[in-house]
Amino acid sequence: GAVVSQHPSWVICKSGTSVKIECRSLDFQATTMFWYRQFPKQSLMLMATSNEGSKATYEQGVEKDKFLINHASLTLSTLTVTSAHPEDSSFYICSARALAGGSGELFFGEGSRLTVL
Amino acid sequence: GQNIDQPTEMTATEGAIVQINCTYQTSGFNGLFWYQQHAGEAPTFLSYNVLDGLEEKGRFSSFLSRSKGYSYLLLKELQMKDSASYLCAVLAGTALIFGKGTTLSVSS
């Protein structure tokens, strides 16, 4: 099946620094990728839809200047958490749909656990 | 707005059958997904329904009624490893919107 790779898996940073998370589709092209955030014992919340070659579409309540998304190519999207604070500590997961798969199944990256000290 | 409801927690014993219900009200519907998620891991795909009816895949089955905005995931012959969170998600437009998940605990 299709594979989505996310890096890094774990990151610990100091408050005020910026962190970049990469999401790659390894064996298919994804014009659209999705970024989710998941707090402990809660479900996945869609943050934004990343569109290759254009600006990301952010969900209501998500600060676009804080969570910078760049969809540089058909296989790579990045999420940068700028000036991270402890409340940004969360599990960030990207996903992409392999349209050639027929069912439109959404494939998830492994997730990146961010801890801001 | 988007609203997806499922029970918060369920418990069952090994070998039993459990049904996890999901109701949804979304702007747009292009299919309903069920995912399994173990703590600290990314979700893994279980099933996809876009037409009414039952889809069976091994021990897991999923049912959809679009007119009722209702789906269920049926797990048979429960095993301890089935203890996990089960997420109902609706493809509304191009984005997948998740319910809050149902934590299933399987005991021996």
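Per chain, numbering begins at 1; letters A, B, ... match sequence-line order.
- Of all heavy-atom pairs spanning Ala42(B) and Gly109(A), the tightest one is CB-O, 3.0 Å.
- The local environment of NZ in Lys66(A) is crowded, with over 12 non-hydrogen atoms from other residues, nucleotides or ligands closer than 6.0 Å.
- Contact of Leu96(B) with chain A is made through backbone and side chain together, with heavy-atom distances under 4.5 Å.
- When each of Ser85(B), Gly40(B), Ala89(B) is scored by its heavy-atom pairs under 4.5 Å with chain A, the top score falls to Gly40(B).
- Transitive grouping of hydrophobic side chains (ILVMFWY, heavy atoms separated by less than 4.5 Å) brings Val11(A) and Met47(A) into a common cluster.
- A distance of 6.0 Å or more separates the ring centres of Phe108(A) and Phe45(B).
- The contact between Leu46(A) and chain B is made entirely by side chain atoms (from C-beta outward), counting heavy-atom distances below 4.5 Å.
- Looking at Pro43(B) and Ile93(A), their side chains come closer than 4.5 Å, going by heavy atoms from C-beta outward.
- Counting non-hydrogen atoms of neighbouring residues, nucleotides and ligands closer than 6.0 angstrom, the CD atom of Gln19(B) exceeds 12 such neighbours.
- Grouping the Ile, Leu, Val, Met, Phe, Trp and Tyr side chains by contacts below 4.5 angstrom, directly or via other members, places Leu51(B) apart from Tyr70(B).
- More than 12 heavy-atom neighbours from other residues, nucleotides or ligands sit within 6.0 angstrom of CD on Gln79(B).
- Distance CZ/Phe98(B) to CD/Gln38(A): 9.0 Å, rounded to 0.5 Å.
- Using a 4.5 Å cut-off between side-chain heavy atoms of Ile, Leu, Val, Met, Phe, Trp and Tyr, with links allowed through other members, Phe107(A) and Tyr92(A) fall into different hydrophobic clusters.
- Atom CD1 of Ile97(B) sits about 8.0 Å away from atom CE of Met45(A), to the nearest 0.5 Å.
- Atom NE2 of His7(A) has 12 or fewer neighbouring heavy atoms from other residues, nucleotides or ligands inside a 6.0 Å radius.
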**Working for side-chain contact (heavy atoms from CB on, under 4.5 Å), residues Glu41(B) and Glu110(A)** = CA-CA 7 Å; Glu41(B) 299 180 10; Glu110(A) 306 94 328; over 6 Å; no

